[in-house]
Structures are given as C-alpha cells and as structure tokens.
Amino acid sequence: MSVPESQYLSPVWRDGLFKGRVVFVTGGAGTICSMQTRALVRLGANACIVGRSEGKTEDAAKEIAKVRPGAKVIGIGGCDVRKMESLQAAADRCARELGGIDFVIAGAAGNFIVSLDGMSPNAFKSVMDIDVLGTFNTIKATIPHLLKSSSPRIIYVSATFHYTGMPMQAHVSAAKAAIDSLMASVALEYGPRGVQSNVIAPGAIENTEGAARLLNSDEDVQKAYAASIPSGRLGTVRDVADATVFLFCEAGTYINGQVIPVDGAAWRRQGASTMGGDKSMEYPNYLLSTEPPKGVKDTRKNKL
Ligand code: HXC
C-alpha cells in the first residue's frame with residue numbers, strides 16, 4: 001500500500017541525509033517500525049527488515065523500497081527474535097548484501113490485554129521472550145557489525161506503561177522496563193566505542209495494532225481519551241519516525257543512554273483510572289468483573 005510521504009515524514013529533513021547508511025529493523029513490517037524504516041529509506045538509507053511472518057515482511061520490504069528510486073530493502077520473513085541463530089543469520093546477510101549495519105531499530109514486540117489473574121506463566125514468558133530476550137539477541141547479533149560503522153546507533157521501541165504501572169499490562173510493563181535497562185547497559189558498555197543507544201517510548205499511536213488492542217474502539221471514547229492527553233491528540237507514526245530521524249542524524253549525536261517518550265505527555269496523566277479510555281470501565285471495577293474489558297480485542301486462539 002502506497003503511503004503519502006506527509007504521513008511518515010515531516011517536510012523539514014534534508015534529502016540524502018542517510019545516504020550510504022544501512023538500517024536493520026526487527027518487527028520491521030509492523031505499523032510503527034515500517035514507517036520509521038520508510039522515513040530512513042526516503043532520506044537515503046538502505047534497509048533490512050525482519051519478522052516472523054514471511055509474506056507480510058517481504059511485501060512490506062517491497063513497499064518500503066518504492067519510496068526512493070534505487071533503494072535496496074531486504075525483507076527476511078520467518079525470523080523470530082527469540083531464536084538467536086535466525087537473527088544472527090539475518091544480521092549477517094544484511095551486512096553482506098548491503099555493506100554493513102549502521103543503525104538498528106529493535107522493534108519486535110508482543111502484546112495482549114490480560115489481568116494477572118488470567119495470565120498463565122507461558123503468556124508472561126511469551127512477551128518477556130519476544131521483547132526482552134529478543135532485544136538482547138538483536139543487540140548480540142548486530143553489535144559486531146555496528147562496531148565497524150562510523151556512526152553506530154540503536155533505537156529500542158519501548159512503551160510508557162512501566163513509569164506508573166498499568167493494570168492488564170503486567171507482562172508488557174515488566175518487559176519494557178527491562179528493555180529500557182538494556183538500553184542503558186549498551187550506552188555504558190558500548191558508548192566508549194562510539195555506539196549511541198536510546199529508547200523511543202511511543203504513547204498511543206493512531207491506526208496501529210497496539211492502539212486497536214489497547215483503546216476502546218468507540219469513536220467518542222477515543223475522542224475523550226485524545227482530549228485527556230496534554231498535547232490534545234493521539235500520536236502519529238510520523239511523530240515516531242521524525243524522532244527516529246533526529247536520533248540517527250548528526251543533530252542527535254550527543255543524545256545517548258536516554259528514554260525519549262513520544263507521547264504528547266500522556267504518561268504524566270496515565271495510570272489505573274480507566275481501561276482503554278472507557279469511562280464505564282473505572283478502576284478497579286474491570287478487575288473485579290468477570291467480563292473482559294469492553295471494546296478491546298482478545299487475541300487468544302483458545303479462549304478460557
Ligand atoms: C491471555 C493470552 C492471550 C490473551 C495469548 N495468550 N493471547 N493469554 N490473553 N489475549 C497466551 C496464550 O494462551 C499462551 O499461553 C501464550 O500467551 C502464548 O501464546 P501463543 O499464541 O502460543 O504465542 P506466540 O505464537 O508466540 O504469539 C505471541 C503473542 C502474539 C504475543 C501471544 O500476540 C503475537 O505474536 N504478537 C506479536 C504481534 C503483537 O503482539 N504486536 C503488538 C505489538 S503492539 P498458554 O498458557 O495458553 O500456553 C505493542 C504496543 C505496546 O507492543 C504499547 C503501545 C502503547
């Protein structure tokens with residue numbers, strides 16, 4: 001699907017900003033990461049995106065390549081960040097075919113809405129494995145290549161839930177807190193060798209899988225939620241892509257070891273008060289009820 005440039009990039013960046021750079025992206029077919037990649041490719045980078053789904057990842061790579069004549073974008077499906085061997089093979093192939101790896105976006109993530117009561121040990125482990133082990137594996141697989149770059153940079157796509165704690169997101173909150181911590185370790189251990197390591201923490205970003213799962217689908221409820229955000233609206237994929245461009249370009253060089261929320265200050269108001277912005281789901285009623293939260297998508301294959 002062709003996406004107008006205005007939807008993923010502000011008109012303030014210089015053409016060719018990332019000429020000759022290569023970005024490696026996990027979860028690169030997802031809505032947010034594919035737009036981050038589009039922005040970088042439009043500004044001159046080549047890219048390798050990896051994901052679990054074969055068709056989706058390869059199709060996304062072909063679409064992204066259309067944003068700039070001559071762009072090279074490799075899509076590697078069947079690559080699960082939980083499996084080091086497949087990730088290592090993908091990173092090595094990226095470096096071999098595109099000439100190296102300068103930038104990494106660790107974006108692969110798992111999420112579903114469930115209380116601690118309803119969460120099995122395997123459900124918790126699934127998200128920890130995708131998010132935390134997957135991020136660790138991404139670092140291990142790409143760092144040998146990054147250390148050969150003149151401008152090695154990593155962005156981890158995290159979240160803001162763990163700043164306040166968030167009901168129904170214990171697994172994701174624990175995982176994202178660990179990702180923020182890994183980011184800091186990379187800045188400390190590899191910063192002296194030139195690596196820049198930062199987290200981007202998106203808030204609710206409109207038209208994404210995350211927002212579809214976490215927010216009530218009712219339009220009025222969504223409007224009320226948007227109005228409760230200090231910046232008065234949900235985020236856009238362009239907000240996240242612009243922040244990515246800034247961190248990867250020369251202007252962002254001295255920002256290292258930081259967590260950068262791109263959320264319109266939403267996290268400063270978030271917490272346990274309502275679920276998905278639905279006023280009828282006041283805390284703690286939705287935890288005491290046997291009904292699942294209204295309007296949120298249940299992704300379980302086998303319902304309880
Ligand atoms: C309770 C659930 C569940 C649900 C799955 N499980 N969905 N439990 N409620 N809705 C449980 C299963 O029952 C199982 O436990 C365990 O989790 C593993 O499920 P599988 O389907 O076997 O796992 P797997 O195939 O590895 O899939 C992982 C997944 C899936 C995370 C469950 O949703 C997935 O692949 N997600 C990737 C895409 C994704 O989630 N993207 C969203 C990113 S958005 P048992 O005990 O039965 O074995 C995002 C937004 C962040 O991260 C914040 C934005 C603001």
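These values consider heavy atoms only, across backbone and side chains, with no hydrogens, waters or symmetry-generated copies. For ligands, and for the atoms within them, numbers begin at 1 and follow the listed sequence.
Ligand 1 has Gly203 within reach: a non-hydrogen atom of the residue lies less than 4.0 Å from it.
In summary, the side chains of Thr160 and Gln270 do present a donor paired with an acceptor at a separation below 3.5 Å, with no hydrogens or angles considered. In this structure, a donor-acceptor pair under 3.5 Å is absent between the side chains of Asn137 and Gln88.
Shown here are the salt bridge (charged side-chain N to carboxylate O under 4.0 Å, His left out) partners of Asp242, two or more places apart in sequence or in another chain: there are none. Every side chain to side chain contact (heavy atoms under 4.5 Å, CB included) that Lys140 has, sequence neighbours left out, goes to Met84, Phe136.
Within 4.0 Å of atom 12 (C) of ligand 1, not a single protein heavy atom is present. For atom 30 (C) of ligand 1, no protein heavy-atom neighbour is present inside the 4.0 Å cut-off.
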Would Ser151 and Arg153 satisfy side-chain hydrogen bond (donor to acceptor under 3.5 Å, both in side chains), going step by step from the backbone distance to the final call?
CA-CA 6 Å; Ser151 182; Arg153 302 185 183 201; 3.1 Å; yes
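Ion pairing of Lys176 with Asp131 is present here, as a side-chain N (NZ or NE/NH1/NH2) and a carboxylate O approach within less than 4.0 Å. Comment: Arg268 does not engage Asp263 in a salt bridge, judged by the lack of any side-chain N to carboxylate O separation of less than 4.0 angstrom.
With a 4.0 Å heavy-atom cut-off, ligand 1 is reached by the side chain of Val114 but not by its N, CA, C or O.
Here the heavy atom of the protein found nearest to atom 6 (N) of ligand 1 is Phe112 CZ, 3.8 Å. What sits closest to atom 33 (O) of ligand 1 on the protein, heavy atoms only, is Arg213 NH1, 3.8 Å. Counting only heavy atoms of the protein, atom 24 (P) of ligand 1 lies nearest to Arg52 NH1, 4.0 Å. Counting protein heavy atoms only, atom 42 (C) of ligand 1 is closest to Glu209 OE2, 4.0 Å. Nearest protein heavy-atom contact of atom 20 (P) of ligand 1 is Lys301 NZ, 4.2 Å. For atom 18 (C) of ligand 1, the nearest protein heavy atom (residue, atom name, distance) is Ser126 OG, 3.1 Å. Atom 38 (C) of ligand 1 has its closest protein heavy atom at Ala109 O, 3.7 Å. Protein heavy atom at the shortest distance from atom 3 (C) of ligand 1 is Arg300 CG, 3.0 Å.
The option with the heavy atom closest to atom 17 (O) of ligand 1, from among Ala123, Ser120, Ser158, is Ala123.
The aromatic rings of Phe248 and Phe103 lie parallel to each other, with less than 30° between the two planes, well short of the 60° mark.
Here's the thing with Arg82: one of its N/O atoms is less than 3.5 angstrom from an N/O atom of ligand 1.
For Glu189, the CD atom counts as loosely surrounded, since its 6.0 Å shell holds 12 or fewer non-hydrogen atoms of other residues, nucleotides or ligands.
Those atoms of ligand 1 with a heavy atom of Phe161 less than 4.0 angstrom away are 53 (C), 55 (C). Those atoms of ligand 1 with a heavy atom of Ile130 less than 4.0 angstrom away are 28 (C), 31 (C).
Under the 6.0 Å cut-off for aromatic ring centres, Phe24 and His145 do not qualify, their centroids lying 6.0 Å or more apart.
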